[in-house]
Amino acid sequence: MFRTHPDSSLSYVSAGAGPLVVLCHGVTDSAAALSDLVWRLADRYLVVAIDSLGHGLSRRSTSTEREAPMPSALAALADTLDLLVHEHGRAVGIGHSMGGALLTRLAVQRPDLFAGIIGEDPSWLSPSHAQRYLAGIPANLAHHRAIRCAPAGTLEHSQAEYPSWPEAERAGWLAAKLQVDLDFLATGEVGYTDWRDVATELSVPTLIVSGDGADVVLGQAGLHEIDQLRNANIATHMVAGASHCVRRADPEAFQAVVDDFLGRVHPPLDPNAAVRQAGEPAVVGPQPSQTAQFYIDPQLRRALTEPYFPQWDPVGTRERADANARPAIIAPGTALDVVEVDGQTVRVWHPPTTPERVIFAIHGGGFMAGRPAYDDERNSELAAQLNAVVASPEYRLAPEHPFPAGARDCMVAAQWIETTFDLPLYVYGDSAGGGLAETTAAMLLERGSTPPAGVIMLEPFLDPSMSGRSIRTQQDAQMWNRMKAYHAWRAYLADTHPRELPRLIDHAHGNFLPRVLTVVASADLLRDEGIVWTTDLVDAGFNAQLHMMPGTYHAGLSVPGTRVWERVLALIQDFVTERD
């Protein structure tokens with residue numbers, strides 16, 4: 001999707017999930033002109049294609065910036081990349097021509113931002129090259145003005161002249177020509193003549209790729225000169241028969257070079273790396289030290305000494321949960337009914353006195369495990385403390401039943417609750433149950449049902465892009481790690497695009513919006529996605545509140561008998577009684 005970070009002057013398009021790869025275009029291109037490369041990588045990486053200053057959807061350059069166009073473009077790129085790396089971790093930068101020159105120079109100044117650099121015939125110019133660009137300014141400007149007068153003819157001409165180009169990029173290439181700031185082009189600056197200093201100082205893994213066509217910047221001679229600098233961090237590669245835009249001239253050869261480099265310096269998440277295979281014993285590892293370095297509430301520390309299962313293992317997770325299930329301590333005066341709704345079991349807890357509200361409680365388990373019965377102790381306490389009917393549905397689980405199966409089960413059970421109890425309805429969930437709580441509330445709104453009075457999400461599992469900062473800083477956190485989250489989303493979504501998930505924010509302009517309560521754990525992989533999701537709802541006009549419990553990890557917010565659970569329960573009680 002296209003977006004601009006609120007603290008950045010540059011626009012960018014992003015796609016995919018995984019380690020960060022940043023793409024930077026040449027002097028007359030834009031992010032839209034990189035679409036073929038974006039989609040070749042987006043199945044394995046979070047790919048961000050950036051519009052440089054004065055290009056695409058980014059802001060135009062100022063007269064002061066045009067006095068130093070390359071330093072100005074570099075400063076804007078540095079600001080944007082700093083924000084992206086802060087959120088997603090170090091990047092591999094892939095830059096064509098001017099983009100390659102900017103990325104390599106930035107890598108010298110800020111090596112902390114990069115896992116590696118690929119320069120596609122970067123504008124590492126000889127003095128004569130630079131002079132030719134300056135001398136060609138009038139013709140270049142006239143060419144772009146002519147394009148703006150006849151864009152359809154330009155597109156037809158490109159199809160005839162460059163038949164090997166990826167069709168996915170042709171429209172973006174034309175759009176870039178129509179959007180580029182002609183005042184920026186009039187400066188005639190597209191790269192650097194002092195590139196040998198850059199090449200000598202590069203300290204991150206770097207690959208420089210060029211072709212041998214008549215329009216190349218480096219070519220065989222330039223690559224040989226780079227090799228003679230003997231910087232062990234730089235490798236070079238020639239794609240025979242390729243022009244200055246190597247990836248368009250020979251997309252498959254360029255992609256093979258890119259994939260080899262990325263596999264060595266920035267490997268993607270391995271879809272099978274943390275999956276328990278049939279017949280294999282479960283892997284048991286030590287508790288991750290990453291969680292131990294954070295403050296953990298003394299009442300929750302015991303879990304840090306328990307066995308840790310790092311693998312994605314749906315069957316084993318269910319078996320262990322069944323084996324470890326213990327008799328629930330039921331709140332005095334509460335009573336349980338077990339009913340069947342459209343083939344699914346719903347466990348309904350009743351309070352000791354006449355109920356004032358209904359809590360529709362969806363269990364967690366990464367979309368692939370868990371049962372309502374495991375939450376009997378907590379749900380009976382909710383019934384007693386909140387004077388509420390607490391109904392918890394059984395729902396179909398991934399990977400056997402991907403979206404929308406489980407979500408539909410929850411929605412059907414919620415509609416049954418609405419028609420059975422004439423009371424304010426609160427949709428509640430923990431972890432994946434928190435994600436399903438938001439989905440269920442959104443589906444109810446889509447179907448014209450009476451809007452829920454509120455949505456309560458504990459440590460919610462919400463973001464299939466896995467782009468929150470805590471996904472990186474807490475990737476090996478207690479109970480729920482990055483690889484489990486990755487495989488959980490793959491199993492739950494299957495062939496569904498994340499944009500198809502029903503979201504509350506899509507109903508921001510409705511007549512009545514449910515209130516929202518989000519509680520996140522401090523040392524949790526999912527912490528930041530809950531924070532971002534809630535603040536986005538606030539910005540969209542929702543009455544939403546957010547709390548972070550200190551000393552907590554994933555699944556630690558609702559452990560019965562702990563002071564953390566008492567605090568969370570008090571927040572929920574304040575939330576539901578405020579409405580009433």
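Position 1 is the first residue of the sequence; numbering continues from there. In this text the structure is predicted, and so the values were computed from the model without any measurement. Side chains included, hydrogens not; waters and symmetry mates left out as well; all remaining heavy atoms used.
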Check [X] against [Y] and note the closest heavy-atom contact, atom names and distance.
| X | Y | value |
| --- | --- | --- |
| G364 | Y395 | O-OH, 4.1 Å |
| S470 | L525 | OG-O, 2.8 Å |
| S380 | I330 | OG-CA, 3.7 Å |
| I296 | A523 | CD1-CB, 4.4 Å |
| A437 | I456 | CB-O, 4.3 Å |
| L444 | A414 | CD1-CB, 4.1 Å |

Whether [X] side chain and [Y] backbone form a donor-acceptor pair below 3.5 Å:
| X | Y | value |
| --- | --- | --- |
| T562 | S558 | no |
| R515 | F575 | yes |
| E394 | Q344 | no |
| S58 | D51 | yes |
| E280 | Q277 | yes |
| S522 | G551 | yes |
| N481 | K484 | yes |

Once rounded to the nearest 0.5 Å, what's the spacing between atom [atom1] of [X] and atom [atom2] of [Y]?
| X | Y | atom1 | atom2 | value |
| --- | --- | --- | --- | --- |
| Q385 | I359 | CD | CD1 | 12.5 Å |
| D313 | R276 | CG | CZ | 4.5 Å |
| N379 | H363 | CG | NE2 | 10.5 Å |
| L336 | W349 | CG | CH2 | 4.5 Å |
| Q415 | F360 | CD | CZ | 10.0 Å |
| L462 | L436 | CG | CG | 10.0 Å |

Side chain to side chain contact (heavy atoms under 4.5 Å, CB included) assessment of R110 paired with D82
CA-CA 9 Å; R110 293 288 308 278; D82 201 19; 3.2 Å; yes
Stepwise side chain to side chain contact (heavy atoms under 4.5 Å, CB included) test for L386 and T577
CA-CA 8 Å; L386 304 180; T577 55; over 6 Å; no
With the threshold set at 4.0 Å, does a side-chain nitrogen-carboxylate oxygen contact exist between E400 and R318?
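Looking at E400 and R318, the cut-off is met.
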Derivation of the side chain to side chain donor-acceptor pair (under 3.5 Å) call for S392 and D375
CA-CA 8 Å; S392 185; D375 293 343; 5.0 Å; no
Parallel, tilted or perpendicular: ring planes of F421 versus W416, cut at 30 and 60 degrees
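Rings of F421 and W416: perpendicular, as their planes differ by over 60°.
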Any non-hydrogen side-chain atom of [X] less than 4.5 Å from a side-chain atom of [Y]?
| X | Y | answer |
| --- | --- | --- |
| W312 | V275 | yes |
| H266 | F261 | no |
| T496 | P402 | no |
| D528 | I471 | no |
| L262 | P267 | no |
| L504 | L445 | yes |
| L546 | I531 | yes |
| V284 | Y308 | no |

Could you go step by step and tell me if S431 and H554 meet the side chain to side chain donor-acceptor pair (under 3.5 Å) rule?
CA-CA 8 Å; S431 190; H554 195 74; 2.8 Å; yes
Tell me, with the steps shown, if E459 and W480 meet side chain to side chain donor-acceptor pair (under 3.5 Å).
CA-CA 11 Å; E459 53 197 13; W480 191 243; over 6 Å; no
Could you walk me through whether W489 and D463 satisfy the side chain to side chain donor-acceptor pair (under 3.5 Å) test, starting with their C-alpha distance in whole Å, then the side-chain angles of each, then the deciding distance to 0.1 Å, before giving a yes or no?
CA-CA 9 Å; W489 279 121; D463 183 9; over 6 Å; no
Please lay out, stage by stage, how V85 and V22 fare under the test side chain to side chain contact (heavy atoms under 4.5 Å, CB included).
CA-CA 10 Å; V85 168; V22 171; over 6 Å; no
Worked check of salt bridge (Lys or Arg N to Asp or Glu O under 4.0 Å) between D259 and R44:
CA-CA 11 Å; D259 287 345; R44 295 160 287 156; 3.2 Å; yes
Y426/I572 under side chain to side chain contact (heavy atoms under 4.5 Å, CB included): CA gap, chis, key distance, verdict
CA-CA 10 Å; Y426 293 85; I572 297 172; over 6 Å; no
For the pair R447 and E418, evaluate salt bridge (Lys or Arg N to Asp or Glu O under 4.0 Å) and give the outcome as yes or no after the intermediate values.
CA-CA 13 Å; R447 285 157 176 75; E418 281 187 313; over 6 Å; no
